[in-house]
Colleague: 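Sharing a structure below in structure tokens format, with a few things to ask.
For the single chain, residues carry numbers from 1 onward in sequence order. Just so you know, these numbers come straight off a predicted model, no measurement behind them.
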Amino acid sequence: MKPGLVVFALMSVCAAVLACSNSPPTYSIADAEAAGFSRGDEQVSRVRDALEGWPGTMDGSRVEIYVMERQAHEFFFERVQAPDPDEWEVIEVRGNLVLVCEKESACDALLDSLP
């Protein structure tokens, strides 16, 4: 094998590894539960196209978590039915999760505890 080809192959592999390591994280409800989220019994559907949505609590505050198929960007806020401002304080996105929280501190605690 020619040395130039070996170097090219190694550079290609390194680029692929770096690209994968920079990809946004993908989470599940189990990840949220491991971070301290207590899941409720009934699924909810406030976010269109979510794979699943669960109400529950984090640090004593109500939280709804929605798992999207892929990275959840800011435009997913358009898919959230308008939360009652007296009921929900904040909507956050991390990786493929959309969090609707009664208190900002609950979202912060959950986000800080996710890997």
Colleague: Can you tell me how far CD of E102 sits from OG1 of T57, rounded to the nearest 0.5 angstrom?
Modeller: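 Atom-to-atom, T57:OG1 and E102:CD are 10.0 Å apart.
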Colleague: Do side-chain atoms of N96 reach the backbone of E69 as a donor and acceptor pair under 3.5 angstrom?
Modeller: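 No; zero donor-acceptor contacts below 3.5 Å.
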Colleague: What is the distance from atom OG of S38 to atom CD of E33, rounded to the nearest 0.5 Å?
Modeller: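 One finds 8.0 Å between OG of S38 and CD of E33.
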Colleague: Do the non-hydrogen side-chain atoms of V90 and E92 ever get within less than 4.5 Å of each other?
Modeller: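 SC-SC contact between V90 and E92 confirmed.
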Colleague: Quick check: do Q43 and W54 have side-chain heavy atoms less than 4.5 Å from each other?
Modeller: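 Yes - at least one pair of side-chain heavy atoms lies under 4.5 Å apart.
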Colleague: Can you tell me if CG on D41 sees more than 12 non-hydrogen neighbours from other groups inside 6.0 Å?
Modeller: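 12 or below, so no.
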Colleague: Measuring from atom CG of L51 to atom OG of S28, what distance do you get when rounded to the nearest 0.5 angstrom?
Modeller: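 Taking CG in L51 and OG in S28, the distance rounds to 11.0 Å.
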Colleague: Using a 4.5 Å cut-off on heavy atoms from C-beta on, say whether the side chain of V98 contacts that of I91.
Modeller: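 Yes, at least one pair of side-chain atoms sits under 4.5 Å.
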Colleague: Are the side chains of L97 and M68 in contact, using a 4.5 Å heavy-atom criterion?
Modeller: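 M68 vs L97: side chains apart.
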Colleague: Taking the side chain as C-beta and beyond, is there a heavy-atom pair between R94 and L99 under 4.5 Å?
Modeller: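 Not in contact.
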Colleague: How many angstroms lie between atom CD1 of I29 and atom CZ of R39, to the nearest 0.5 angstrom?
Modeller: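 CZ of R39 is found 6.5 Å from CD1 of I29.
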Colleague: Kindly compute the distance separating OH (Y27) from CD1 (I65), expressed to the nearest 0.5 Å.
Modeller: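 It comes to 11.5 Å.
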Colleague: So D31 and F37, do their side chains get closer than 4.5 Å, heavy atoms only?
Modeller: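 The answer is no, as the side chains (C-beta and beyond) never meet within the 4.5 Å cut-off.
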Colleague: When rounded to the nearest 0.5 angstrom, what is the spacing between CG in D108 and SG in C101?
Modeller: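 Output value for this atom pair is 8.0 Å.
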